[in-house]
S.K.: 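Here's a structure for you.
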Number of protein chains: 2
Amino acid sequence: MTKEVVPDIVIARLPRYLQCLNLMAKEGLHTVSSGVLAERLGTTAAQIRKDLSYFGGFGKQGSGYPIYSLIEALQEILNLDRIWQVAVVGAGDLGRALTRYQGFPRRGIEIKLLFDVDPKLVGTKVGPITIQHVDYLEKEIRHHDIKIGVLAVPAEYAQKIADRMVKAGIEGILNYAPVSLILPETVHAQHIDPVLQLQTMMYYLGED
Amino acid sequence: MTKEVVPDIVIARLPRYLQCLNLMAKEGLHTVSSGVLAERLGTTAAQIRKDLSYFGGFGKQGSGYPIYSLIEALQEILNLDRIWQVAVVGAGDLGRALTRYQGFPRRGIEIKLLFDVDPKLVGTKVGPITIQHVDYLEKEIRHHDIKIGVLAVPAEYAQKIADRMVKAGIEGILNYAPVSLILPETVHAQHIDPVLQLQTMMYYLGED
DNA sequence: TAGATTGTTAATCGATTAACAATC
DNA sequence: TAGATTGTTAATCGATTAACAATC
């Protein structure tokens, strides 16, 4: 029983499919074909059918995919059928904006811990969360058994904090700091850097 | 004279090379081999050499790449040898955090305009920028000849604002709203959605 | 039934990797 | 010179697309 491996790039597309399907459900649709879904997502019907087929046959010939049950299937595949708790390190503008971001609780993500080094910030609240000193990072992450960390610290501290997160049991890191982290292969990392994305665009906007 | 097309994915990697090279320059290094650079970036030497070779031969056999001149070359390739002005729409937590973000001016990105619909916000300042009413979006973008827009509005308004940006002459959009935008092929878009990135991770973290 | 659309296979396309002659 | 490392070509690998039988 050799389980076929699903390419990373396929996994990365599933949340987008899910997002679009949720929107369509909200619009009152019940069924969608791969062609219509593809158009809304700016991709191709063949790709959507191929991607979904890694996990099973969710559609019906002639009519397409039932939106509700496909949403449920994708949520289960992505392990979204539960609440994930997250620890944020860095309570500057960005860390605070993330902690307040409504899109997280709405989609099953709960920011449970928020850390900073600045004694002026420690003890103050961001929404319902009290900022704790970063010295307690390991203890608190272990105590709450948190698996996902968000790095919102300056570049020069990012690697150190990431190392500490990993030692504390973190298995996934969302990195907002403008540096490439060196991490064990067992840890899953995602990098968000608006500057890198803008610089990519600037290449194409050059002909002015 | 058929100019070879450089794959998008190569372009997307160049800013990361540049970021790493800048860090190395700061550390006092003068020269770096593709192998060392690859290790720092978590990629392979062959890929770095191949990527750079699309644009010319920047290295020297035996010693590697001179860091300074490679930085300069990459900056020129990516059109970073000038200041890019940007308009941000949406002055909520996120829009304000982006407007204050130090990483932008440091790397040649100047947030010039900031818009919102909320009359309580219009007229107030975020750093040196005064929030303007979104009604003036077209007029101001045209007046300053701005080519890059950042979307930091709720999902339901994102497509409409994007359409207005495009009509006003915007050619690149950095989209923080959790929706897939439908845009003309001439417009370059980048999507930042932390929820989608976290959901991708959750697939791999599932075995708990 | 006839039309539509899936799931899947095979063909194509493109990107990554390996290997090595050239050369600093 | 000998060792190191580039730039490039060819081989490999993987992902996308096209096509179509199956079937709702």
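Sequence lines set the chain letters: A, B, ... in the order given, protein chains first and strands last, and positions in each chain run from 1.
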S.K.: From the list dA15(C), dT6(C), dC24(C), which nucleotide is the closest neighbour of the side chain of Ile9(B)?
M.R.: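 Closest nucleotide to the Ile9(B) side chain: dA15(C).
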S.K.: Could you tell me which nucleotide pairs with dC13(C) by Watson-Crick or G-U wobble geometry, both distances under 3.5 Å, or answer none if nothing does?
M.R.: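 Answer to the pairing question: dG14(D), which forms a Watson-Crick or G-U pair with dC13(C).
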S.K.: Atom CG of Leu52(B) and atom P of dT6(D): how far apart are they, to the nearest Å?
M.R.: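 Rounded to the whole Å, the gap is 10 Å.
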S.K.: Which class fits the ring pair Tyr68(B) and His30(B): parallel under 30°, tilted 30 to 60°, perpendicular over 60°?
M.R.: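 Rings of Tyr68(B) and His30(B): tilted, 30 to 60°.
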S.K.: Of the listed nucleotides (dT16(D), dG7(C), dG7(D)), which one gets closest to any side-chain atom of Arg49(B)?
M.R.: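 The listed nucleotide nearest to Arg49(B)'s side chain is dG7(D).
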S.K.: Does the structure show a Watson-Crick or G-U wobble partner for dC24(D), both distances under 3.5 Å? Name it, or say none.
M.R.: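 For dC24(D), the partner nucleotide comes out as dG3(C), under the 3.5 Å rule.
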S.K.: Round to a whole Å and report the spacing from CD1 of Ile48(B) to P of dT16(C).
M.R.: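 Ile48(B) atom CD1 is separated from dT16(C) atom P by 12 Å.
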S.K.: Please determine, for the side chain of Arg13(B), which listed nucleotide (dT8(C), dT5(D), dT16(C)) has the closest atom?
M.R.: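 Closest nucleotide to the Arg13(B) side chain: dT16(C).
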S.K.: dA18(C), dA15(D), dT6(D): which one has an atom nearest the side-chain heavy atoms of Ala46(B)?
M.R.: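 Out of dA18(C), dA15(D), dT6(D), the nucleotide with an atom closest to Ala46(B)'s side chain is dA18(C).
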S.K.: When the distance from CD of Gln47(B) to C1' of dA11(D) is rounded to whole Å, what number comes out?
M.R.: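 For the pair Gln47(B) CD and dA11(D) C1', the rounded distance is 17 Å.
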S.K.: Decide yes or no on salt bridge (Lys or Arg N to Asp or Glu O under 4.0 Å) for Arg96(A) and Asp93(A), but give the supporting numbers first.
M.R.: CA-CA 5 Å; Arg96(A) 291 200 304 274; Asp93(A) 282 330; 3.4 Å; yes
S.K.: Can you tell me how far P of dG7(C) sits from CZ of Phe58(A), to the nearest Å?
M.R.: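 So the CZ-P distance, Phe58(A) to dG7(C), works out to 8 Å.
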S.K.: Can you tell me how far apart OH (Tyr176(B)) and OH (Tyr101(A)) are? Round to the nearest 0.5 Å.
M.R.: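 So the gap between those two atoms works out to 11.0 Å.
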S.K.: Rounded to the Å, how far apart are Leu70(A) CG and dT6(C) P?
M.R.: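 Rounded to the whole Å, the gap is 11 Å.
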S.K.: Side chains of Asp163(B) and Gln159(B): do they bring a donor and an acceptor to under 3.5 Å?
M.R.: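 Side chains of Asp163(B) and Gln159(B): pair found under 3.5 Å.
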S.K.: Check whether any side-chain nitrogen or oxygen of Ser63(B) sits under 4.0 Å from OP1 or OP2 of dT5(D), and answer yes or no.
M.R.: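 So the side chain of Ser63(B) is outside the cut-off, no N or O lying under 4.0 Å from OP1 or OP2 of dT5(D).
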S.K.: Would you mind telling me which residue lines up with the more 5' stretch of DNA chain D, Ala45(B) or Lys50(B), judged by nearest nucleotide?
M.R.: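 The residue whose closest nucleotide sits nearer the 5' end is Ala45(B).
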S.K.: Between Ile67(B) (CD1) and dT5(D) (C1'), how many Å, whole number?
M.R.: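 Spelled out: CD1 on Ile67(B) to C1' on dT5(D) is 15 Å.
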S.K.: Whole Å only: how far is the CG atom of Asp8(A) from the P atom of dT16(D)?
M.R.: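 About 12 Å, once rounded to whole Å.
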S.K.: How close or far is atom P of dA4(D) from atom OH of Tyr65(B), stated in whole angstroms?
M.R.: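 Atom OH in Tyr65(B) sits about 18 Å away from atom P in dA4(D).
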S.K.: Is there a side-chain polar atom (N or O) of Tyr54(B) under 4.0 Å from OP1 or OP2 of dA15(C)?
M.R.: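 Indeed not, no polar side-chain atom of Tyr54(B) lies that close.
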S.K.: How do Thr44(A) and Gly64(B) order along DNA chain D: which one's closest nucleotide is nearer the 5' end?
M.R.: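 It is Gly64(B), whose closest nucleotide lies nearer the 5' terminus.
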S.K.: Gln61(B) has a side chain; which of dG7(D), dG7(C), dT6(D) sits nearest to it?
M.R.: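 Side chain of Gln61(B) sits closest to dT6(D).
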S.K.: Using 0.5 Å steps for rounding, measure from the NZ atom of Lys139(B) to the NE2 atom of His144(B).
M.R.: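 These two atoms lie 10.0 Å from each other.
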